[in-house]
There are 2 protein chains.
Amino acid sequence: MAQGGGSASATRPGKRERLVSAARELVYFKGIAGTSLADIANAADVPVGNVYYYFKTKNEIVGAVVRTYEDQLQTLVSEVERRHQSPEARLEAFVAVLVEHAVAATERYGTQYGCPYGTLSSELAMRAEGPDPLAATLMRIQLDWTEQQFRAMGRADARDLAIELLAAYQGAAVLTSTLGDAELLTRRGQRLQQWIDELAVGRPAR
Amino acid sequence: MAQGGGSASATRPGKRERLVSAARELVYFKGIAGTSLADIANAADVPVGNVYYYFKTKNEIVGAVVRTYEDQLQTLVSEVERRHQSPEARLEAFVAVLVEHAVAATERYGTQYGCPYGTLSSELAMRAEGPDPLAATLMRIQLDWTEQQFRAMGRADARDLAIELLAAYQGAAVLTSTLGDAELLTRRGQRLQQWIDELAVGRPAR
DNA sequence: GTCTATAAACGGATAGAC
DNA sequence: GTCTATCCGTTTATAGAC
């Protein structure tokens, strides 16, 4: 299968990586359905038909993009765990990074976009007939890790809190992109961090 | 323009209404991009090419769908205001209806779908170049009404609370559809109502 | 006013030359 | 292993018959 899988030590950028990278960007901005293979190939500076040498189907490219996000999330939480000791500090840092990413995308381009994980997962869930495991993965990774932090804080309702936190962030991202208000996400992120703080201080059951 | 606009007293179902109704359903389940004019015409029992007699373009149909949702939201809040006096009761009823709608859609079909307003608005925001007023309308209507209720409760931070409430609901809808967990939305809805209760009781600033 | 037939463009995907 | 040329289905949209 071509020249090495994903994170292998390649000798150069590699067309496969370029394709996935371009696909990720385009899918984030225009959605899966709104992104054609020609768009991807064009953005990656790869001949159109040549795409099929690296991926047998469009869905396979989307799968690779999801895989990229999985890795990114894994790296993200590892980094957060390395830099912060307490679960509450880790959660706050996690929220901060998510918000930063979205804001960074906004500054690079004109309009306001939502959470990459959320929009991609939503579209995957919609295009699938029944429940789609691929659509759930990214959310579940975040959910599991967040729950773990709340549990480390001694919360018995860790799962519910994890759902509450992620839902709050995802919803804020939706409002941000639909209203086109970049500041909304930042403000909501700060309030979420405040909420985490309050949970950490005491108030056992809420 | 054919036989009467929207809510006029027509003599029969009418093809235009059938088209919009079919479009609304399909767009909810498959998204705008995932729904073709042939799908819509087929579901509405209208010849494919004939669609263009009623709508000049696909975007126009989508616009009509959005318009439908606007009316539905207007009816919804009017009904809620008629049935409930206190702002907190109104907010709780509003949340209850939103959750009910999503759950009803789940029971009619197999899989779990998100909030119709949210998914549609998100897709509209994504397909537009710059900020899209159409994408913002549905959210803004809900936001304004919700803010109004919080203000009636004497909250100075009414706008922030409105954003918090809607974001919490939208996020729960995203998680629900991506995880395929129907119960999640119901549970989150109950917690939101509880939260509204607590705000009503006292705790002025939070 | 209603519908059929069809155009024009684009999408994903393939065969096969280099 | 890399790229070109192309096929075929689908999609939006139109022209024009009834």
Side-chain angles (χ1 to χ4, degrees), chain A residues 1-6 8 10-24 26-27 29-66 120 123-124 126-129 134, chain B residues 1-6 8 10-27 29-66 123-124 126-129 134:
Chain A
M1 275 124 189
Q3 62 202 50
T11 53
R12 62 197 171 100
K15 296 184 183 175
R16 203 194 138 92
E17 277 88 354
R18 292 213 308 273
L19 282 170
V20 176
S21 178
R24 184 167 64 164
L26 285 166
V27 164
F29 293 131
K30 311 286 289 178
I32 300 172
T35 301
S36 73
L37 292 176
D39 292 337
I40 297 172
N42 201 31
D45 259 313
V46 169
V48 211
N50 195 6
V51 173
Y52 287 91
Y53 175 70
Y54 300 98
F55 302 96
K56 276 186 285 293
T57 166
K58 185 182 179 179
N59 280 337
E60 221 170 81
I61 302 184
V62 174
V65 169
V66 174
L120 179 54
E123 200 174 354
L124 284 171
M126 200 164 50
R127 65 172 13 207
E129 297 290 309
L134 197 64
Chain B
M1 274 129 187
Q3 62 203 52
T11 53
R12 62 196 171 99
K15 296 184 184 175
R16 193 181 199 275
E17 277 88 354
R18 292 214 308 275
L19 282 170
V20 176
S21 178
R24 184 168 63 165
E25 190 124 318
L26 285 166
V27 164
F29 292 130
K30 311 286 291 178
I32 300 173
T35 302
S36 73
L37 293 176
D39 292 337
I40 297 171
N42 201 32
D45 259 313
V46 169
V48 211
N50 195 6
V51 173
Y52 288 92
Y53 174 69
Y54 300 98
F55 302 96
K56 277 187 284 295
T57 167
K58 184 181 179 181
N59 281 336
E60 220 170 81
I61 302 184
V62 174
V65 170
V66 173
E123 200 173 352
L124 284 171
M126 201 165 47
R127 66 175 11 210
E129 298 290 309
L134 197 63

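Computed from a predicted structure; not experimentally measured. Sequence lines set the chain letters: A, B, ... in the order given, protein chains first and strands last, and positions in each chain run from 1.
- Look at NZ on B:K56: it is 11 Å from P on D:dT14, rounded to the nearest Å.
- Atom CD in B:E60 sits about 11 Å away from atom P in D:dT14, given to the nearest Å.
- Rounded to the nearest 0.5 Å, atoms OG1 (A:T57) and CG (A:L37) are 8.0 Å apart.
- A donor-acceptor pair under 3.5 Å is absent between the side-chain atoms of A:R24 and the main chain of A:V65, judged by distance alone.
- Among D:dT2, D:dT12, C:dT2, the nucleotide with an atom closest to any side-chain atom of B:Y53 is C:dT2.
- Distance CG (A:D45) to C1' (D:dT2): 15 Å, rounded to an integer number of Å.
- In this structure, A:Y52 has no ring-ring contact (aromatic ring centres under 6.0 Å, His included) partners at least two apart in sequence or on a different chain.
- For the pair B:Y52 OH and C:dG1 P, the computed distance is 20 Å after rounding to whole Å.
- Residues B:I61 and B:V27 are not in side-chain contact: their nearest non-hydrogen atoms beyond the backbone lie 4.5 Å or more apart.
- With rounding to whole Å, A:N59 atom CG is found 16 Å from C:dG11 atom P.
- Protein atom CZ of A:R18 is 9 Å distant from nucleotide atom P of D:dC3, rounded to whole Å.
- Within the structure, a side-chain polar atom (N or O) of B:T57 is placed less than 4.0 Å from OP1 or OP2 of D:dA13.
- Listed nucleotides C:dC3, D:dA13, D:dC3 differ in distance to A:P47; the shortest reach to its side chain belongs to D:dC3.
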Verdict with supporting geometry, A:F55 and A:V20, side chain to side chain contact (heavy atoms under 4.5 Å, CB included): CA-CA 10 Å; A:F55 302 96; A:V20 176; 3.6 Å; yes
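- When all heavy atoms of A:R127 and A:I32 are compared, the pair lying nearest together is NH2-CG2, 3.3 Å.
- Per the geometry, CZ belonging to B:R16 stands 14 Å off P belonging to C:dG1, to the nearest Å.
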For DNA chain D, the dot-bracket pattern of Watson-Crick and G-U pairs whose distances stay under 3.5 Å, | for other-strand partners: |||||||.||||||||||
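- If you take CG of B:N50 and C1' of C:dG1, they are 9 Å apart, rounded to a whole angstrom.
- The minimum heavy-atom distance between A:A23 and A:I40, with the atom names listed, is CB-CD1, 3.9 Å.
- Side-chain atoms of B:E123 do not come within 3.5 Å of backbone N or O of A:G31 as any donor-acceptor pair.
- Residues from residues 30-42 of chain A that place a heavy atom under 4.0 Å from any atom of DNA chain D: there are none.
- In terms of heavy atoms, B:T35 sits closest to B:K30 at OG1-CB, 3.8 Å.
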